[in-house]
Amino acid sequence: MMEEAFVAYTAGHADGSAGRRDAQLAEDPETGSDYRIGVVDGSVAAFQAELIAEVRRLLGESR
């Protein structure tokens with residue numbers, strides 16, 4: 001069960017980072033909550049990356 005939870009979280013994180021969500025995975029009775037948490041974490045990570053890139057652009061940094 002633990003391995004399936006990690007797989008679901010990882011899939012959710014990838015989907016969240018890409019700005020998408022798989023309704024079927026999200027509703028899975030066994031691992032849906034792990035997937036949904038991964039989606040949220042991936043979405044936050046993508047937002048943070050965009051925010052940092054924009055701040056650097058505004059400050060004139062070229063990293």
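Because the structure is a prediction, the values reported are computed rather than measured.
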query = Does the pair Arg21/Asp15 count as a salt bridge with the N-to-O cut at 4.0 Å?
reply = no
Atom of Ser17, atom of Ala46 and distance for their closest heavy-atom approach = O-CB, 3.7 Å
inquiry  = Please evaluate residues Asp34 and Phe6 with respect to the criterion side chain to side chain contact (heavy atoms under 4.5 Å, CB included), reporting the C-alpha separation (whole Å), side-chain torsions for both, the decisive distance (0.1 Å), and the verdict.
reply    = CA-CA 8 Å; Asp34 300 304; Phe6 286 129; over 6 Å; no
ask   = According to a 4.5 Å side-chain heavy-atom criterion applied to Ile, Leu, Val, Met, Phe, Trp and Tyr, with indirect links allowed, do Val39 and Ile37 form part of one hydrophobic cluster?
value = no
Which value, rounded to the nearest 0.5 Å, describes the distance between [X] atom [atom1] and [Y] atom [atom2]?
X	Y	atom1	atom2	result
Ser43	Arg20	OG	CZ	11.0 Å
Glu50	Arg57	CD	CZ	11.5 Å
Leu51	Arg56	CG	CZ	10.5 Å

inquiry  = Could you check whether atom CD of Glu54 has more than 12 heavy atoms from other residues, nucleotides or ligands sitting under 6.0 Å from it?
reply    = yes
inquiry  = Has Tyr35 got a side-chain atom pairing as donor or acceptor with Thr10's backbone, closer than 3.5 angstrom?
reply    = no
Short side-chain donor-acceptor distance under 3.5 Å, Thr31 and Asp28 = yes
ask   = Within a strict 4.5 Å, meaning less than it, do heavy atoms of the Met1 and Glu30 side chains meet?
value = yes
